[in-house]
Amino acid sequence: MKYHFNEIEAKWRKYWEENQTFKAENQSDKPKYYVLDMFPYPSGAGLHVGHPLGYIASDIYARYKRHKGFNVLHPMGYDSFGLPAEQYAIQTGQHPAITTETNINRYREQLDRIGFSFDWSREVRTSNPDYYKWTQWIFTELFHSWYNKDTDKAEPIESLITRFTNEGNGPVNAVCDENVMLFTSEMWNAYDEEQQQKILLQYRLTYLAETEVNWCPALGTVLANDEIVNGVSERGGHPVVRKKMKQWSMRITAYAQRLLDGLNQIDWPQPLKDSQTNWIGKSVGASVKFQVSGFKFQVEVFTTRPDTIFGASFMTLAPEHELVEKITTAEQKEAVEAYIEQTAKRSERERMADVKTISGVFTGGYAEHPFSKEPIPIWIGDYVLASYGTGAVMAVPCGDERDYAFAKHFNIPIPNIFDQDISENAFTEKEEFKIVNSDFLNGLGYKEAIKKAIEALEKIGQGSGKINYRLRDAVFSRQRYWGEPFPVYYVNGLPKTIDPEHLPIQLPEVEKYLPTEDGQPPLGRADVWAWDAEKCTVVSNELADNETIFPLELNTMPGWAGSSWYLFRYMDANNNEEFARQEALDYWQNVDLYIGGSEHATGHLLYSRFWTKFLYDRGFLKVNEPFKKLINQGMILGESAFVYRLNSKQIKNPIYFSKNFIDKVVADKKSFTEYDEYERIRETLFQENRNQKGIFNFSTDFETSWQNFTAIHSHVSFVNISNELDLGAFKSWKPEFKGAHFITENNGTFKVGREVEKMSKSKYNVVNPDDICDQYGADTLRMYEMFLGPLEQAKPWNMAGITGVHSFLKKFWKLYCDDNGLVVTDSSASKDSLKTLHKTIKKVEEDIENFSFNTSVSTFMIAVNELTAQKCSSREVLEPLAILISPYAPHIAEELWSKLGHSESISTAPFPQFDASHLVESTKEYPISFNGKMRFTLEMPLDLSKEDIEKTVMAHEKTQQYLEGRTPKKVIVVPGKIVNIVG
RNA sequence: GCCUUGGUGGCGGAAUUGGUAGACGCGCUGGAUUCAAAAUCCUGUGUCCUCGGACGUGUGGGUUCGAUUCCCACCCAAGGUACCA
């Protein structure tokens, strides 16, 4: 009986589906374990071999946990809102829902072939109204919440209204907009409804605000920073302007400190935690207010170095700073305006990229030093960012490199307040200095001076200690069609949410998926998109009457909305009453193991933590972190293949050269004409181009440099393992290659160049897992992907090693079956076979716990090699071995398990128990080294004493031979490990 | 620049608390089987060499009886971040 992987795999796929083998129950006596993959966006290109890497790893872990007696939740779904489907819709008019459905079906087929143990009954799709109903619900909960700094958590907005009614906003310690006016309870109660709503909007956890965006009028859309190149849109090259737009924002900054603190209690990779820490960017310092000379107002700055306040010799404001206009003097007006205009033209990205150029303009205005009362000139400069801190800095040139450079450039004085040399550079250290020339701070060090400076500032009411975060509130509006609609309508321009019982608000139909001509988002094209507040339904726009029927929000939510809470929906995926039942939430709690790419470090993984903490605050969840343990799987890269075309205008048909040939010419630094092949090629070209005399200059084109060639992607499927191109297939691939010339090696082969790149359709380097399954089977694919290397590491895909893994599975099969069927017997196993088995149990168990799946595959290979050599056919060994391998190669394991006479699936068979007694050795092959170099080994009993080991070794003839008559200075004996003779 | 991770044969990669560097697989060498091929099996395979040995885990130091592993300095690569006051 041969190993027919195709039949076996199809059979078990069907079995698992029919028997719902992997359906998880929400009640169980078993302990729970929740294993989750980052769900994919179903793109039109389908899965490539890189996608399943993490899914295979998590599947191995999930299956292992089932063997270990856990009730495992291992679901899968789709992050199905997104841009590609919308762009396809713009081009073709096909509804994104249809594109998405098609892509999902394709993904599902591909996923099914790999034999994952997903519980598909819990599938979620973020674009499904039954799902986004709850995304909308969470949005309304955020809208109806505020952040109380005293209790350090989100609370229902009603508690805020109560406090406003009773005590005004003075005593309220909330996270809110910066420009909130103070009011008393009397004032609050006197405000009309509209005024009250406006104020509340400044406190809500999701709020409307004017946000600066990159607006592209030609495309009618907002662009992300990386969609802009040199100030114009990447697509189409249209101009982009910075524009303020009213957008929804999420007050994630309220959670900055808790998002930092929470990192200590979760088991995530350090680099990922670090990137979240940096992203949140906490800095501790002080806020200082400088009186502006001749005006009533002050400029507020944030500084991490209040100790250096006496070194401040000027101030710099961001060009966009709101006070610039007010303080600029008449003489400086022209220069300032010119500078502002010049910086506005540059995109934020450009501005950030160009760090070297120092630029700025004096405003003519002065501020007053809070202590010395000296006048301080106020400048503007684009090295100060409007979006960080207060958009203004107190410049201390002696202690900050940028201020130093700025002062040098504009000849501003650089007073030194350190007992250090600053003639060449600013002194930026925080240790080993004393402050001088600083009045009451003289003689102090860093820490004491900061403390004293803040105290003094507080005393005069011009500053206080402050913590500043780099993290910004998250913009939550997108001018797109294919996203969650907001459950929001507008009464007199003020937003109102739609009550949960009327959700979901479904995406309306539109004729085109483009923005409207007057710059409205695509939903502006919908005809039925108004809210009837009486009947509580969406109605035609024509009915809008400003009394009971109101316009609905035209923006949609960003991609991260649906992915921020999906982990909880899996717990009770088909619930129409709640986002998930309380018992289900209590039972599954949060994700025990999450596997996915590190590219989501500061997006999805941060937002998801934010929403979880919010839902926790409001009592919907009992956990405040979504993912307890997280593993980043490395990307599988493609090995692109290149052919090289000679750059020459004189030749009618292009010429492609085998890579090795060019290598040779370039390495020799000889002109191509000196090679014998030249005659052969020249003849061919002459025939073809005989009407073109210019051909004979061809030799001058071909010098000894790679620059004379253009690398062109070949599809990797035309290339074999030795990097040889199938010329026939290649020529018929695209018309441009048909008449081309291919200069081969002398043996007639044509070699391509290879380079590791990201897998992508446009680079023709995508390898489809279906092809591997056809050729070798899913079990081979699974094991090979794990065998490639450590899970976390990025690695190029190459097929070179797959035969090794495939023949391993064939060997494994042969342990159980020969041509006549099952060969497993009930006879007892040899000592050696039991030793092999238990060695394997121990290693595989350790490996799975450590996510070191590549080394388990080696361990299985060693085990099978040993058992084959031992001619082991004992059930006592082979039955547990099948369970050991089943997480990795589940199909073959199920097949052998059923051949062994089991009627139940192997998937919940108990994991074999490791028994150390099988590994006990009585002797050890001691390595005997001389001065640390191993020379020979010597077998000795393990219970031999240190002294006896030394005696035995010293008495050995080889020892004497290596010593050549010398007496050793010292003999190191580590029983059970090593003997080292020094001397 | 800063933060993080990594650097081991021709290749992917192993190596537990410092204790036989190169497991396992690919590739390659030679062989068996075959008319031949595929498949399968066996053998060898870090480099150099005077066949005794010498050298070998990015480079240079250090600690140690002993370092891929620990410490210091540096080089290189990948990823993140970037005028953050």
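These figures come from a predicted structure and were not determined experimentally. Letters go in sequence order (proteins before strands), and every chain restarts at 1. The figures that follow rest on heavy atoms only: side chains count, while hydrogens, waters and symmetry mates do not.
- Scanning RNA chain B for stems, defined as runs of 3 or more consecutive Watson-Crick or G-U wobble pairs whose donor-acceptor distances all fall under 3.5 Å, gives the following ranges: B:1-7 with B:75-81, B:10-12 with B:24-26, B:30-32 with B:40-42, B:46-48 with B:53-55, B:58-62 with B:70-74.
- A cation-pi contact links A/R609 to A/W268, judged by a cut-off of 6.0 Å to the six-membered ring centre and 45° from its axis.
- In the set B/G66, B/A82, B/G13, the nucleotide with an atom closest to the side chain of A/W279 is B/A82.
- A salt bridge links A/K842 with A/E846: the closest approach of a Lys/Arg side-chain nitrogen to an acidic carboxylate oxygen falls below 4.0 angstrom.
- With its glycosidic angle more than 90° from 0, B/G10 is assigned anti.
- Between A/N854 and B/C24, a side-chain N or O to OP1/OP2 separation shorter than 4.0 Å is absent.
- Distance alone, capped at 3.5 Å, places no donor-acceptor pair between the A/K924 side chain and the A/P975 backbone.
- Along RNA chain B, the nucleotide nearest to A/K970 and the one nearest to A/P796 differ in position, and the one closer to the 5' end is contacted by A/P796.
- Straight-line distance between the P atoms of B/U59 and B/U64: roughly 23 Å, to the nearest whole Å.
- Side-chain atoms of A/H369 come within 3.5 Å of backbone atoms of A/I309 as a donor-acceptor pair (strictly under, hydrogens ignored).
- Counting non-hydrogen atoms of other residues, nucleotides and ligands closer than 6.0 Å to CD of A/Q960 gives a total above 12.
- No side-chain donor-acceptor contact under 3.5 Å links A/Q462 to the backbone of A/V288.
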Fill in: side-chain hydrogen bond (donor to acceptor under 3.5 Å, both in side chains) between A/N468 and A/S283, worked out
CA-CA 5 Å; A/N468 202 47; A/S283 15; 5.1 Å; no
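- Considering only side-chain N and O atoms, A/R935 lies nowhere under 4.0 angstrom from the phosphate OP1 or OP2 of B/U20.
- Judged by closest nucleotide on RNA chain B, A/Q270 is the one of A/N468 and A/Q270 placed further toward the 5' end.
- Across all their heavy atoms, A/Y469 and A/Y388 have their closest contact at O-CE1, 4.0 Å.
- B/G61 and B/A23 have their P atoms separated by 29 Å, with the value rounded to a whole Å.
- Between A/K795 and B/G13 there is no side-chain polar atom (N or O) within less than 4.0 angstrom of OP1 or OP2.
- Using a 4.0 Å heavy-atom criterion, one finds that A/R472 contacts no nucleic acid atom at all.
- Phosphate contact (OP1/OP2 of B/A82, side-chain N/O of A/R470, threshold under 4.0 Å): present.
- In this structure, A/T859 reaches neither bases nor backbone, as no heavy-atom distance under 4.0 Å exists between it and the strands shown.
- Within the 4.0 angstrom heavy-atom criterion, no nucleotide atom of any strand lies near A/K273.
- Among the heavy atoms of the strands lying under 4.0 Å from A/V393 is at least one base atom, whether or not backbone atoms are also near.
- Between B/C84 and A/S387, no contact under 4.0 Å exists linking OP1 or OP2 to a side-chain N or O.
- Look at A/N278 and you won't find any side-chain N or O under 4.0 angstrom from OP1 or OP2 of B/U4.
- Note: CE (A/M934) to P (B/G22) measures 8 Å, nearest angstrom.
- For B/G12, the OP1/OP2 oxygens have no side-chain nitrogen or oxygen of A/Q793 closer than 4.0 Å.
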